[in-house]
Amino acid sequence: MTDRLTLAVVTAGLSEDSTTTRLGEAIAKAASGAVENAGRHIEIEVIALRDLAHGLTDMMITHVASPAVQDAIDTVLTADALVAASPTYKASYSGLFKQFFDVIDESALENLPTVIAATGGSPRHSLVLDTALRPLLSYLKALVLPLGIYAASEDWGHDDLQRRIDRVGASLAAVVLAGSPGGAPDSLDDDAAARPGLRREVKDEFSNVPDFASLLASVGS
């Protein structure tokens with residue numbers, strides 16, 4: 001990692017103002033705010049897969065990435081954190097979401113702090129986070145945070161959704177700050193401040209994260 005922190009948002013929303021994209025961007029904004037409160041800055045890079053649909057299909061067939069697809073892949077591979085958001089289709093992530101992660105090497109996301117998020121028309125699909133998104137990102141060896149967000153149609157406009165977004169954003173910020181060189185704020189415990197880059201050093205998801213609750217409290221919950 002470098003002093004320049006970046007947070008990639010991969011969204012498989014199909015419309016220009018999809019709830020999936022809104023959710024992913026809201027989580028990133030909450031994480032960014034928590035990082036700013038700790039005295040650091042993190043740049044948000046949004047990857048709208050709807051704009052890459054043709055390029056991803058071509059790459060699946062030809063194994064050659066277009067400049068736009070390659071830029072998107074590079075953005076994710078060099079990011080310090082990831083928010084991965086998909087609409088729910090047939091009780092799983094969308095085909096477009098899967099297509100993007102299919103073209104990424106299975107070890108390329110190793111220990112990348114990641115928040116998973118999904119949207120759907122009904123609360124009954126909320127298990128999609130743990131039955132579909134989490135296994136996929138874990139297979140790619142991403143460091144998937146325990147907290148994720150599923151937003152049903154009825155959740156929008158309610159304060160509870162924003163509270164959940166803020167909580168998840170604070171969790172992601174805590175892990176990113178713990179892993180950034182010289183980036184841990186003074187309020188973090190000594191063990192966290194002394195840790196080298198989290199993405200490089202964590203061998204098993206969260207098994208070596210010191211006092212995660214304290215990290216979370218340090219940037220607000």
Side-chain angles (χ1 to χ4, degrees), residues 1-11 21-47 72-85 104 107-117 129 133-134 137-138 140-149 161-221:
M1 293 185 194
T2 66
D3 287 336
R4 176 180 176 269
L5 298 174
T6 60
L7 195 171
V9 179
V10 173
T11 168
T21 299
R22 284 162 52 197
L23 181 60
E25 290 179 340
I27 295 169
K29 184 178 178 181
S32 174
V35 170
E36 296 279 355
N37 288 339
R40 298 292 302 276
H41 174 72
I42 190 165
E43 236 175 88
I44 298 172
E45 301 279 354
V46 179
I47 300 168
I73 293 172
D74 291 343
T75 295
V76 172
L77 299 190
T78 58
D80 297 279
L82 171 66
V83 175
I104 291 179
S107 298
L109 303 185
E110 186 167 356
N111 297 324
L112 175 64
T114 299
V115 164
I116 52 174
L129 294 178
L133 275 77
R134 189 178 302 279
L137 273 301
S138 294
L140 294 172
K141 301 179 178 61
L143 186 66
V144 185
L145 271 65
L147 293 176
I149 292 186
L161 178 57
Q162 187 58 52
R163 283 194 293 269
R164 289 192 287 138
I165 288 171
D166 290 341
R167 185 183 180 198
V168 168
S171 297
L172 183 58
V175 177
V176 171
L177 288 170
S180 63
D186 294 338
S187 58
L188 291 178
D189 59 51
D190 291 339
D191 287 341
R195 295 178 73 238
L198 182 68
R199 188 175 177 188
R200 295 189 303 271
E201 298 298 324
V202 175
K203 302 301 181 184
D204 187 22
E205 291 189 6
F206 293 105
S207 63
N208 296 322
V209 176
D211 196 2
F212 184 82
S214 296
L215 296 179
L216 176 58
S218 72
V219 293
S221 60

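As a basis for the values below, the full set of heavy atoms in this structure was taken, side chains included, without hydrogen atoms, waters or symmetry mates.
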Distance check, rounded to the nearest 0.5 Å: [X] atom [atom1] versus [Y] atom [atom2]?
X    : Y    : atom1 : atom2 : answer
L145 : L137 : CG    : CG    : 11.0 Å
D80  : E43  : CG    : CD    : 10.5 Å
R4   : T78  : CZ    : OG1   : 7.5 Å
L129 : R134 : CG    : CZ    : 7.0 Å
E110 : L143 : CD    : CG    : 10.5 Å

May I ask you to test the [X]-[Y] pair for a side-chain heavy-atom distance under 4.5 Å?
X    : Y    : result
L109 : T114 : no
L172 : L7   : yes
L82  : V9   : no

How close do [X] and [Y] get, heavy atom to heavy atom, and via which atoms?
X    : Y    : answer
S171 : L147 : OG-CD1, 3.3 Å
A173 : A31  : CB-O, 3.6 Å
T6   : A79  : OG1-CA, 3.2 Å
L177 : R40  : CD2-CG, 3.8 Å
L77  : A108 : CD2-CB, 3.5 Å
S32  : I42  : CA-CG2, 3.6 Å

Legend entry - Among I44, L23, I27, V46, side-chain contact (heavy atoms from CB on, under 4.5 Å) partner for V83: I27
Inset, instruction - Please check if the side chain of R164 supplies one atom and the backbone of G148 the other of a donor-acceptor pair under 3.5 Å. - result: no
